[in-house]
Amino acid sequence: MTSQRTEALAGDDAAHVERQREWVRGHFKPEFQHRYETVDGKLRIIQALLTPGMIERDETWKLQSLGITFGDALAQELGLAWIVVDDAVGRDPALQDAESGLILFVLTTISKRVEDGEEIDVLGLFNGGVKMVEEQRQRHRDAKSCDG
């Protein structure tokens, strides 16, 4: 079993994630950048940037920036916390659910699908993520009630 260390998102890791957010936010005209603050705004800008020709399949940093924005939307909707996971695979930002302990590796959520040539329904992907976290929370509650 590989060792996995988690810590709060801070320092250079946080700065890198913020640069990725800024890149996505920068696609809104200045007077509309406040739209990034809503879940709907985040999901809409991701979908817009996935328009063919906007980002090439091999532009991993840009695609992973969309993954950060996708994670921001999930975090905002579900109250998840950004962390850093350091393991044998590398060091990556992720989301953690305090209630269930579930860790979501959102950085590559968009990039993997684009690189595989999939069409992405951002809202559908988001709703699936919300459902998965809610189901995990319910399983966690059910397990706790059986223990108590």
Residues forming a side-chain contact (heavy atoms from CB on, under 4.5 Å) with K29, sequence neighbours excluded: E31, F32

Return the set of residues passing side-chain contact (heavy atoms from CB on, under 4.5 Å) with E37 (not counting sequence neighbours), or none when no residue passes. R25

Is any side-chain heavy atom of [Y] closer than 4.5 Å to one of [X]?
X: L80; Y: Q96; answer: no
X: R44; Y: T38; answer: no
X: Q64; Y: T108; answer: yes
X: P93; Y: D13; answer: no
X: E77; Y: F126; answer: yes

Criterion side chain to side chain contact (heavy atoms under 4.5 Å, CB included) on V133 and E99, from CA distance to verdict: CA-CA 10 Å; V133 171; E99 185 177 340; over 6 Å; no

Are the side chain of [X] and the backbone of [Y] linked by a donor-acceptor contact shorter than 3.5 Å?
X: Q47; Y: V122; value: yes
X: N127; Y: V130; value: no
X: D116; Y: E118; value: no
X: E59; Y: E56; value: yes
X: H27; Y: I45; value: no

Do [X] and [Y] belong to the same hydrophobic cluster, where Ile, Leu, Val, Met, Phe, Trp and Tyr are linked whenever their side-chain heavy atoms lie under 4.5 Å apart, directly or via other members?
X: F105; Y: I46; answer: no
X: L50; Y: W61; answer: yes
X: V85; Y: L104; answer: no
X: I83; Y: L74; answer: no

A cation-pi test, strictly: NZ or CZ of K42 under 6.0 Å from the centre of the six-membered ring of F70 and no more than 45 degrees from its axis. Yes or no? no

Please evaluate residues L9 and V17 with respect to the criterion side chain to side chain contact (heavy atoms under 4.5 Å, CB included), reporting the C-alpha separation (whole Å), side-chain torsions for both, the decisive distance (0.1 Å), and the verdict. CA-CA 9 Å; L9 182 67; V17 166; 4.2 Å; yes

Between D72 and Q76, does any side-chain donor sit less than 3.5 Å from a side-chain acceptor? no

Can you tell whether the side chains of [X] and [Y] come within less than 4.0 Å, N to carboxylate O?
X: D97; Y: R137; result: yes
X: E134; Y: K131; result: no
X: E119; Y: R113; result: no

Over all heavy atoms of both residues, which pair between [X] and [Y] is shortest? Give the atoms and the distance, please.
X: L95; Y: G71; result: CD1-O, 3.4 Å
X: A75; Y: W82; result: CB-NE1, 4.4 Å
X: L43; Y: A73; result: CD2-CB, 3.9 Å
X: L49; Y: M54; result: O-CB, 3.2 Å

Could you state the interatomic distance from [atom1] ([X]) to [atom2] ([Y]), rounded to the nearest 0.5 Å?
X: S100; Y: Q136; atom1: OG; atom2: CD; answer: 5.0 Å
X: D92; Y: I103; atom1: CG; atom2: CD1; answer: 11.5 Å
X: Q138; Y: R141; atom1: CD; atom2: CZ; answer: 5.0 Å
X: L63; Y: I68; atom1: CG; atom2: CD1; answer: 12.5 Å
X: I55; Y: T60; atom1: CD1; atom2: OG1; answer: 10.5 Å
X: I110; Y: E115; atom1: CD1; atom2: CD; answer: 11.5 Å

Please test R21 against E18 for salt bridge (Lys or Arg N to Asp or Glu O under 4.0 Å), starting from the C-alpha separation and ending with a verdict. CA-CA 5 Å; R21 280 186 189 114; E18 188 55 36; 3.0 Å; yes

